[in-house]
> 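My questions will all concern the structure given below.
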Amino acid sequence: MASEEKVCSNENENRNKNENEAREEKVSKNFIEQAIDKDLAEGVYDHVQTRFPPEPNGYLHIGHAKSIILNYGVAKKYNGKFNMRFDDTNPTKEDVEFVNSIKEDIAWLGADWEDRLFFASDYFDTMYECAVKLIKKGKAYVCDLTPDQIREYRGTLKEPGKNSPYRERSIEENLRLFEGMKNGECRDGERVLRAKIDMASPNINMRDPILYRVAHITHHNTGDKWCIYPMYDFAHPIEDAIEHITHSLCTLEFEDHRPLYDWVVRECEFENPPRQIEFAKMYLNNVVTGKRYIKKLVQDGIADGWDDPRLVSISGLRRRGFTPESIRRFVEMSGISKAHSTCEYAMLEYCLRDDLKPKANRVMAVLDPLKVVIDNYPEGQIEYLEVPNNTENPDLGTRMVPFSGEIYIEREDFMEEPVKKYYRMFPGNEVRLMNAYFVTCNSCVKDEDGKIVELHCTYDPASRGGNSPDGRKVKGTIHWVAAPTAVKAIWRKFDNIADASSGSIYDEDGNLNVNTDSKLEYECLVEPSLKDAKAFDKFQFVRKGYFCVDYKDTTPDMLVFNRIVSMKSSFKIAK
RNA sequence: AGGGGUAUCGCCAAACGGUAAGGCACCGGACUCUGACUCCGUCAUCUCAAGGUUCGAAUCCUUGUACCCCUGCCA
């Protein structure tokens, strides 16, 4: 993680902070911040407290990042607190494997919950008491209807439901039955506790929603203490109230649940009730963002685990080489609103390039090597040239790069018959080898198939360092690596794991179109300074893009680089 | 007997009755030891549509239209 530290110096952090502050002044507040301002001004709340409440049933992805950054950001902005809370009310889907990965991802993104790490399951006693309270108030009852019957009694979107025959049980009976449920006297599905609200409500969530169900399953946190578990709609408002959350931020599909959320908080008689506010989820255009689709790619073995660099899971983005700063910036740039929106992946790429631009060393790597012999260079000589690590950030220092009479350049940087406006290497054209010398190509050697295998050049010894004392200019500058000292490595080019060529990444049946060529591996030659690169180190391969050392597949004798993003390019070969 | 939401540039997104910010993308041009970066410039006479109120409307009213969410003992 050496470069992770390197790229996160205090100085950089301070600069980023200042940049953020400068940006914020110009940007108006989003609708959630406006609502908070209003609440604070009207004295509804005297502090701000938010939370991120994932269910530990999978890995986090870019969509969660939006929620994390929003919740954490809001708390920070208002000098409030941010809680981490696992919403683990359904043991059938949950696992500790996920709580660990989630914690790691959130910490990596930079959201700091300090000492406030909570589990909904830690509140099961309180929730049980709340349920008893509702029963005593005549606001909840035990229902013996089967799941099918409950569905039938619920009515439809356009027709009201009808009351359960168990709706008018006495408080005493409900109390006894509910305790029985708790004590394991019921089989799974046999009985539930329901809120007594309104079976004719146009909002289906208010048609006597289920509060507790029976499930004889070991819970990852509470073990076998409970065999009844609260439903989300009952548990969540209680969790928020217990933690004194002021603004409970969630996604749009919960809008319909808000009346129930408010009902629970009110009927359980919590003071300072939290306010639920909904915002739109984050989607990326032509990118697989749905949890279930990502899960399927992993299960089907199409993706190489949850951290496959082609995935927008947090761990995948991290492995690919995205930085927490770039993801935060991306989320902030995307904004918060209630309009359904899909952001473009290009914006994420911009954020990564922009973040790494002053932080990453700019080094030379030839991704598709073509040998070049410099005929007039002293045979066998190797000289070392001092080159800046980052021309825009002198603080990153310099390094010594070896040069010799045999080098490799990028195959695409030579054309025997150049197209117009081509100003790289071609016969008779003088170009600059970056940081080294001016060279002119004299001839090329081909194999029996006519493929170019070697170039012959002459160099101008007076142009050492990359400039000619006579002031003559060259139009092209290309990168290179010296043959005797070049280090062989692997680089990976990623494409969208989903095939969007049909205009959508999904087919008519809603299945994902898979792009089978989305991960390509090539051999490349890199300058020797990269030999000691560590997992997660990030570099700009000059003219080629930003690359990150893969932490899983790199071995002591073979570096594997993931291309995070390519450089932008306005060069197009005229057709 | 249905309810809840959302519509502003290719993509996000401001504007809160005073005459359409900004970012990404794109396209020009300058600069350049990265065809990158940076810098300049272009990019909505117009806000889903049609009416209305007003000196003035993206913002208010009316009527439509399109799309999303809701009938798990999931969250």
Side-chain angles (χ1 to χ4, degrees), chain A residues 23 26-30 34 53-55 57 87-90 92-94 143 145-147 150-152 154-161 188-194 200-207 209-215 228-229 231-233 235-236 250-259 278 280 282 285 330 332-351 353-354 357-358 362 364 387-388 391-392 421-424 431-436 465-467 473-479 540-545 566-572:
Chain A
R23 265 197 296 273
K26 280 185 266 177
V27 178
S28 52
K29 294 186 173 183
N30 64 51
Q34 292 181 20
E55 180 183 23
N57 67 348
D87 206 359
D88 53 352
T89 57
N90 183 4
T92 65
K93 304 170 71 176
E94 295 152 11
C143 182
L145 254 25
T146 65
I150 285 182
R151 193 177 313 122
E152 195 186 315
R154 187 154 36 222
T156 68
L157 293 178
K158 297 191 176 184
E159 290 158 17
D188 290 6
E190 196 175 319
R191 282 208 253 260
V192 291
L193 182 73
R194 292 231 249 169
S201 171
N203 181 348
I204 291 180
N205 294 300
M206 300 299 272
R207 317 237 265 229
I210 293 168
L211 269 20
Y212 263 96
R213 79 284 218 176
V214 178
I228 57 171
Y229 292 95
M231 299 288 288
Y232 168 86
D233 281 317
H236 207 86
C250 64
T251 45
L252 252 25
E253 69 268 29
F254 293 103
E255 282 180 312
D256 290 341
H257 296 243
R258 194 183 336 123
E278 311 85 8
M282 154 92 60
N285 189 230
F330 170 65
E332 282 157 12
M333 275 174 70
S334 300
I336 304 293
S337 77
K338 297 191 70 153
H340 293 90
S341 55
T342 38
C343 296
E344 284 178 353
Y345 191 77
M347 197 147 88
L348 215 206
E349 294 185 317
Y350 165 83
C351 291
R353 292 190 192 104
D354 196 51
K357 185 172 47 180
R362 300 174 182 187
M364 293 195 284
V387 323
T391 46
E392 287 179 60
K421 286 286 200 75
Y422 187 83
Y423 45 81
R424 278 112 98 146
V431 297
R432 173 165 38 230
L433 295 175
M434 189 179 275
N435 296 122
N467 280 302
K473 302 280 186 212
V474 291
K475 187 74 174 144
T477 299
I478 63 175
H479 59 101
Q540 181 192 119
F541 286 180
V542 135
R543 301 208 302 137
K544 300 312 294 182
S566 64
M567 299 301 267
K568 281 184 66 167
S569 173
S570 60
F571 174 64
K572 282 158 193 101

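Proteins get letters first, then strands, A, B, ... in listed order; numbering begins at 1 in each.
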> Sequence neighbours left out, what passes salt bridge (charged side-chain N to carboxylate O under 4.0 Å, His left out) with A/Glu278? Give chain and number order.
A/Arg258, A/Lys338

> Kindly label the base of B/G72 as syn or anti, based on whether its glycosidic torsion lies within 90° of 0.
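Syn, which is what one calls it when the glycosidic angle falls within 90° of 0.
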
> Does A/Ser334 have any side-chain hydrogen bond (donor to acceptor under 3.5 Å, both in side chains) partners at least two apart in sequence or in another chain, and if so, which?
none

> Whole angstroms only, please: what is the CG-C1' distance between A/Asn30 and B/A21?
16 Å

> Once you apply a heavy-atom cut-off of 4.0 Å, does A/Ala235 come out as touching a base, just sugar-phosphate, or nothing?
nothing

> Mind checking side-chain hydrogen bond (donor to acceptor under 3.5 Å, both in side chains) for A/Arg154 and listing every partner two or more places apart, or none if nothing turns up?
none

> Base contacts versus sugar-phosphate-only contacts with protein, heavy atoms under 4.0 Å: please encode nucleotides 70-75 of chain B as B, S and - from 5' to 3'.
BBSBBB

> Atom OG in A/Ser566, atom NZ in A/Lys544: separation rounded to 0.5 Å?
9.0 Å

> So, using ring pair (Phe, Tyr, Trp, His ring centres under 6.0 Å) as the criterion, who are the partners of A/His479 when residues are at least two apart?
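Ring pair (Phe, Tyr, Trp, His ring centres under 6.0 Å) check on A/His479 returns nothing, list empty.
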
> With no hydrogens and no angle check, just 3.5 Å: does a side-chain donor-acceptor pair link A/Ser201 and A/Asn203?
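Absent: no donor and acceptor within the cut-off.
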
> Using a heavy-atom cut-off of under 4.0 Å over every strand shown, decide if A/Glu349 touches base, sugar-phosphate, or nothing.
nothing

> Between A/Arg362 and A/Lys357 (side chain of the first, backbone of the second, donor and acceptor by atom type, cut-off under 3.5 Å), is there such a pair?
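It does hold such a pair.
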
> Using a 4.0 Å heavy-atom cut-off, does A/Arg258 contact any base of the nucleic acid, only the sugar-phosphate backbone, or nothing at all?
nothing

> Over 60° means perpendicular and under 30° means parallel, so tell me whether A/Phe571 and A/Tyr422 are parallel, tilted or perpendicular.
tilted

> Mind checking if A/Lys544 touches a base, just sugar-phosphate, or nothing, with heavy atoms under 4.0 Å?
nothing

> If you look at every strand shown and take non-hydrogen atoms under 4.0 Å, does A/Glu392 touch a base, only sugar-phosphate, or nothing?
base

> Tell me, please, which residues at least two apart from A/Tyr350 pass ring pair (Phe, Tyr, Trp, His ring centres under 6.0 Å).
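Result, ring pair (Phe, Tyr, Trp, His ring centres under 6.0 Å) vs A/Tyr350: none returned.
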
> Can you tell me, in whole Å, how much space there is between the C1' of B/C9 and that of B/G4?
29 Å

> Check side-chain hydrogen bond (donor to acceptor under 3.5 Å, both in side chains) between A/Asp87 and all other residues, then give those that pass, not counting sequence neighbours.
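By the side-chain hydrogen bond (donor to acceptor under 3.5 Å, both in side chains) rule, A/Asp87 matches A/His236.
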
> Just call it for A/Gln540: base, sugar-phosphate, or nothing, with non-hydrogen atoms closer than 4.0 Å on any strand.
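The residue A/Gln540 makes base contact.
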
> Between A/Met206 (CE) and B/G4 (C1'), how many Å, whole number?
13 Å

> A/Phe541: what forms a ring pair (Phe, Tyr, Trp, His ring centres under 6.0 Å) with it, not counting sequence neighbours?
A/Phe547, A/Phe561

> Using a cutoff of under 3.5 Å, can you pull out all pairs of nitrogen or oxygen atoms linking the protein to nucleotides 22-24 of chain B, with atom names and distances?
residue, atom, partner, partner atom, Å
B/C24, OP1, A/Tyr350, OH, 3.2

> Could you give me the stems involving RNA chain B, meaning stretches of three or more consecutive Watson-Crick or G-U wobble pairs whose two defining distances are both below 3.5 Å?
B:2-7 with B:65-70, B:10-12 with B:22-24, B:27-30 with B:38-41, B:48-52 with B:60-64

> Using a cut-off of under 3.5 Å, enumerate the N/O to N/O pairs linking the protein to nucleotides 65-68 of chain B.
residue, atom, partner, partner atom, Å
B/C68, O2', A/His340, NE2, 3.1

> Can you sort out the partners of A/Glu253 under salt bridge (charged side-chain N to carboxylate O under 4.0 Å, His left out), two or more places apart, ordered by chain and number?
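Scan of A/Glu253 (salt bridge (charged side-chain N to carboxylate O under 4.0 Å, His left out), adjacent residues dropped) gives A/Lys281.
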
